[in-house]
Engineer: 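Please read through the structure below; I'll follow up with questions.
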Number of protein chains: 2
Amino acid sequence: MPHCHTYLKKLRDHGYRITPQREMIVQIIAHCGRHMSAEEIMEKVREKTTSINIATVYRTLDLLVENGLASRFDLGNGKTAYATSEHGPHIHLVCRHCGSVTEITENDISASLDRIEDIYDFDCRPYHFSIHGLCRDCRDSMTD
Amino acid sequence: MPHCHTYLKKLRDHGYRITPQREMIVQIIAHCGRHMSAEEIMEKVREKTTSINIATVYRTLDLLVENGLASRFDLGNGKTAYATSEHGPHIHLVCRHCGSVTEITENDISASLDRIEDIYDFDCRPYHFSIHGLCRDCRDSMTD
DNA sequence: TTGCTTGTTGCGAAGGTTCGCATCAAAGGA
DNA sequence: TCCTTTGATGCGAACCTTCGCAACAAGCAA
């Protein structure tokens with residue numbers, strides 16, 4: 001469920017100004033159920049107005065990430081994607097050899113995150129991160 | 001302790017050719033006890049020869065990462081750094097608000113990594129990854 | 001040692017992201 | 001409503017990284 005207003009309210013509460021550009025960007029990434037690149041987001045905004053610039057898109061996305069309203073994904077090969085936090089917390093296992101991505105569930109790592117929150121007083125949630133390593137196929141195919 | 005020969009041997013064993021450029025790059029990142037940017041590595045190589053190009057540095061670093069001989073770190077603000085695997089496995093807690101970085105130890109997450117290796121047959125080690133979240137100071141200073 | 005095959009390099013261009021700065025406009029107060 | 005303050009935008013330049021391609025050279029076999 002998209003909550004544009006919640007997002008915008010949070011931004012305002014944090015002292016940021018609500019501009020038409022920010023409204024449109026938030027609307028788009030909140031309604032789109034998947035992750036999107038900055039370029040894609042700009043094109044969507046362009047369908048509504050010409051008054052948008054790629055630098056503004058990046059700046060707004062940074063803002064959302066900084067405030068925990070969106071997450072940034074490094075898709076490898078130099079691409080980055082963004083999604084609202086509603087996309088749900090998860091972890092990607094990325095094979096450093098073939099680039100394959102496996103999504104794992106919260107349960108698999110929940111205990112460790114609890115531990116990190118306790119010991120370091122660091123708020124990990126909601127989280128999105130990648131663990132790089134070797135998938136079974138690549139490990140098997142390497143003589144090492 | 002640097003093991004240039006071990007690294008080069010591994011590359012050769014994997015079917016890659018050993019060129020002067022690759023030798024020098026491996027030597028530099030193996031002997032330097034910290035992480036370095038591609039630009040820094042190129043400057044170091046330049047002290048020995050002019051026959052080096054930034055694209056080659058990037059390609060060699062990709063190769064090392066792909067084969068588990070080095071790790072890539074996203075330092076935020078668009079910078080990337082590299083270090084050999086000897087730099088040791090670790091995890092960074094990166095505050096998405098102030099950018100502060102806390103390094104945590106293997107113990108804190110070891111159990112979860114074991115679990116991931118068991119269930120998904122995915123080789124996480126040696127590992128370097130970042131968990132983004134909110135440090136205590138930033139959490140306290142946010143009204144939310 | 002010589003020649004061949006094919007992976008590697010350097011170069012320039014292109015792609016993606018960030019930055020600096022002048023202009024603009026959101027938000028709040030008078 | 002109008003004015004003021006100051007954060008946000010658009011633009012162009014700069015920066016970092018990747019890509020395509022022609023020339024080069026590592027490694028192997030003879």
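Naming: A, B, ... by sequence-line order, numbering from 1 per chain. Given the structure is predicted, the values throughout are model-derived calculations rather than measurements.
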Engineer: List, by chain and then residue number, the residues other than B:V101 in its hydrophobic cluster (Ile/Leu/Val/Met/Phe/Trp/Tyr, side-chain heavy atoms under 4.5 Å); write none if there are no others.
Structural biologist: B:V94
Engineer: Could you go through residues 33-47 of chain B and list every donor-acceptor pair under 3.5 Å that involves a side-chain atom there, pairing it with any protein atom two or more places apart or in another chain?
Structural biologist:
from, atom 1, to, atom 2, distance (Å)
B:S37, OG, B:E40, N, 3.1
B:E40, OE1, B:S37, N, 2.8
B:R46, NH2, B:I52, O, 2.9

Engineer: Mind calculating the distance between NE2 (B:H14) and P (C:dT8) to the nearest angstrom?
Structural biologist: 13 Å
Engineer: Got a second to check how far A:R22's CZ is from A:R12's CZ, nearest 0.5 Å?
Structural biologist: 11.5 Å
Engineer: With no angle test and no hydrogens, is the base of C:dG10 tied to the side chain of B:R59 by a donor-acceptor pair under 3.5 Å?
Structural biologist: yes
Engineer: Going by side chain to side chain donor-acceptor pair (under 3.5 Å), name the residues that satisfy it together with A:T60, two or more places apart in sequence or in a different chain.
Structural biologist: none
Engineer: Rounded off to whole Å, could you give me the CG-to-P distance for the B:L63 and C:dG7 pair?
Structural biologist: 13 Å
Engineer: Name all residues meeting the salt bridge (charged side-chain N to carboxylate O under 4.0 Å, His left out) criterion together with B:K9; count only those two or more places apart in sequence or in a different chain, and write none if there are none.
Structural biologist: B:D13
Engineer: Which residues pass the ring-ring contact (aromatic ring centres under 6.0 Å, His included) test with B:H90, not counting sequence neighbours?
Structural biologist: B:F73, B:H87, B:H92, B:H128
Engineer: For DNA chain C, what residues of residues 15-24 of chain A have any heavy atom nearer than 4.0 Å?
Structural biologist: A:R17, A:I18, A:P20
Engineer: If you find the nucleotide of DNA chain C closest to A:A38 and the one closest to A:R12, which residue's nucleotide is nearer the 5' end?
Structural biologist: A:A38
Engineer: What base-paired stems does DNA chain C take part in, with at least 3 consecutive Watson-Crick or G-U wobble pairs and both distances under 3.5 Å?
Structural biologist: C:1-30 with D:1-30
Engineer: Starting from P on D:dC16, measure out to CZ on B:F73 and report it in whole angstrom.
Structural biologist: 19 Å
Engineer: Using whole Å, what does the distance between atom P of nucleotide D:dA8 and atom CG of A:L8 come to?
Structural biologist: 14 Å
Engineer: Quickly work out the B:K9 NZ to D:dG27 P distance and round it to whole Å.
Structural biologist: 13 Å
Engineer: Nearest-Å distance, CE (A:M36) to C1' (C:dG16)?
Structural biologist: 17 Å
Engineer: Looking at residues at least two apart in the chain, or sitting in another chain, which of them share a salt bridge (charged side-chain N to carboxylate O under 4.0 Å, His left out) with A:D114?
Structural biologist: A:R125
Engineer: Starting at atom CG of A:D62, determine the distance to atom C1' of D:dT9, rounded to an integer number of angstrom.
Structural biologist: 15 Å
Engineer: Scan for salt bridge (Lys or Arg N to Asp or Glu O under 4.0 Å) pairs involving residues 71-81 of chain B, sequence neighbours excluded, and state none if there are none.
Structural biologist: B:D62-B:R72
Engineer: Which residues pass the side chain to side chain donor-acceptor pair (under 3.5 Å) test with A:T56, sequence neighbours left out?
Structural biologist: none
Engineer: Does the distance from a Lys or Arg side-chain N to an Asp or Glu carboxylate O, for B:D123 and A:R136, drop under 4.0 Å?
Structural biologist: no
Engineer: Which residues in residues 39-54 of chain B have a heavy atom closer than 4.0 Å to any atom of DNA chain C?
Structural biologist: B:S51, B:I52, B:N53
Engineer: Quick one: salt bridge (charged side-chain N to carboxylate O under 4.0 Å, His left out) partners of A:D108, sequence neighbours excluded?
Structural biologist: B:R115
Engineer: What is the distance from CG of B:D74 to P of D:dC16, rounded to the nearest Å?
Structural biologist: 14 Å
